[in-house]
Protein chains: 2
Amino acid sequence: MNLRVEDYISIKLHQTDLKLTSEIKSRLQPYNLAPEQNLVMMLLWEKDGLTQNQLSEKLGKDKTNIARMVVNLEGKGFIERKFCPRDRRSLEVYLTEDGRKLKEEVVPVSEAFNADVTEGLSKQDLEHLDQVLTKILNNIKG
Amino acid sequence: MNLRVEDYISIKLHQTDLKLTSEIKSRLQPYNLAPEQNLVMMLLWEKDGLTQNQLSEKLGKDKTNIARMVVNLEGKGFIERKFCPRDRRSLEVYLTEDGRKLKEEVVPVSEAFNADVTEGLSKQDLEHLDQVLTKILNNIKG
DNA sequence: TTGATATAGTATGTGTAGCAACTAAATGGG
DNA sequence: CCCATTTAGTTGCTACACATACTATATCAA
């Protein structure tokens, strides 16, 4: 076959992802939030009190990374952790007042980012993209 | 709007990329090659003697990362660097015998990976994906 | 009740991404 | 020809991904 670098769709996908990450990183910088930290916050804005383990499952990320992100977010004063009374191994993650207020500023940034990214793409394009990404994910898992 | 985590296409794209990276990483591990190091090698297998700066441009990566990858690849004995005689600031990157031999083992792994990733996707699906990713990239750049 | 096993989270190490500040070499204008 | 500017690459910093090994707590079974 002898494919060239530009023939691998996974490479293009990777490079697209890097650009997206870089862009959202710079947009979030004024709010002292890293991109992955924002994902944690998004889940907590929906519902806080999740354990680190639940965050890890929902985001499909390694628990060591969740631990680091949560420690950072705690250091920034956006969340606080309490030992779960039922299971003292678990830490429940709660928003602080600062963390709660941050939602008003950051959610519009995320939504504007999403609007910019999907500019010029039809609903069909996005659905198709979603389906193809799902297929790719399944191809890898199995 | 109030989108949920799963409504952001960039998040899905990011998670897909992570799975792909993780998979190719484990497939390349037996050859002592990290995924991004493999990208450098792929370019060099097409044509070696490129400077670090040219590698950086072709891969769209920061020169600091290229420098680090190249140092690692040199440590592994896959490449060697020579000062460019015309411009003594530049380092030209050449394959060693080991690096050259590696191609025979690693290219089939990359191509098998690509075949697995794209399994069940039509040519149209892939073209559409490529186009949509290109549009997304352009949306971000501008 | 106790001992094996599973689970939640932490610590550590490697690889990657990109920014800022730096060194050394090249270049171009006065 | 020399000084200012640009360019190639390195070093240091922060954040992220993931693997392995560890501690502490929970649970289940004999």
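Hydrogens, waters and symmetry mates are skipped; everything else that's a heavy atom, side chains included, is used. Each chain gets a letter, A, B and so on, in the order the sequences are listed, and its residues count up from 1.
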For nucleotides 11-18 of chain C, read 5' to 3', which letter fits each nucleotide if B means a protein heavy atom sits under 4.0 Å from the base, S means only the sugar-phosphate is that close, and - means neither?
BBB-SSBB
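Between B/Gln29 atom CD and D/dT20 atom C1' the separation is 12 Å, expressed in whole Å. Taking atom CD of B/Gln15 as the reference point, atom C1' of D/dA17 lies 13 Å away to the nearest angstrom. The CG atom of A/Leu20 sits 16 Å away from the P atom of D/dC16 (whole-angstrom rounding). One interatomic measurement links the two molecules: CZ of A/Phe83 to P of D/dA24, which rounds to 12 Å at whole-angstrom precision. Atom CD1 in A/Ile66 sits roughly 16 Å away from atom C1' in D/dA19 (whole-Å rounding). What separates CD of A/Glu57 from P of C/dG9 is a distance of 10 Å, to the nearest Å. Whole-Å rounding puts the B/Asp17 CG to D/dA17 P distance at 10 Å. Taking atom NZ of B/Lys82 as the reference point, atom P of D/dG9 lies 16 Å away to the nearest angstrom.
Residue B/Thr51 is classed as a sugar-phosphate contact, given heavy-atom separations below 4.0 Å to backbone atoms only. Using a 4.0 Å heavy-atom criterion, one finds that B/Thr21 contacts no nucleic acid atom at all.
A donor-acceptor contact closer than 3.5 angstrom links the side chains of B/His14 and A/Glu36. Counting only N and O atoms by type, the side chains of A/Thr64 and A/Asp62 include a donor and acceptor under 3.5 Å apart.
Of the possible polar contacts, none joining the A/Glu105 side chain to the A/Leu102 backbone as a donor-acceptor pair under 3.5 Å is found.
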Just the table, please: protein N/O against nucleotides 25-27 of chain C N/O, every pair under 3.5 Å.
unit_1	atom_1	unit_2	atom_2	d
C/dA26	OP1	B/Arg88	N	2.9

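Looking at A/Ile140 and B/Val117, their side chains come closer than 4.5 Å, going by heavy atoms from C-beta outward. Counting heavy atoms from C-beta on, the side chains of A/Ile136 and B/Lys19 never come closer than 4.5 Å.
Rounded to the nearest 0.5 angstrom, B/Asp116 CG and A/Asn139 CG are separated by 7.5 Å.
Around atom CZ of A/Phe83, no more than 12 heavy atoms belonging to other residues, nucleotides or ligands sit under 6.0 Å away.
Checking the phosphate oxygens (OP1, OP2) of C/dT10, a side-chain nitrogen or oxygen of A/Gln52 falls inside 4.0 Å.
Taking 4.0 Å as the cut-off between side-chain N and carboxylate O, A/Arg27 and A/Glu23 count as a salt-bridged pair.
Between B/Phe78 and the options B/Val70, B/Leu44, B/Leu73, a side-chain contact (heavy atoms from CB on, under 4.5 Å) holds for only B/Leu73.
Comparing A/Lys63 and B/Arg81, the nucleotide of DNA chain D nearest to each residue sits closer to the 5' end for B/Arg81.
For A/Leu91, counting side-chain heavy atoms from C-beta on, the closest listed nucleotide (D/dT10, C/dG9, D/dG9) is C/dG9.
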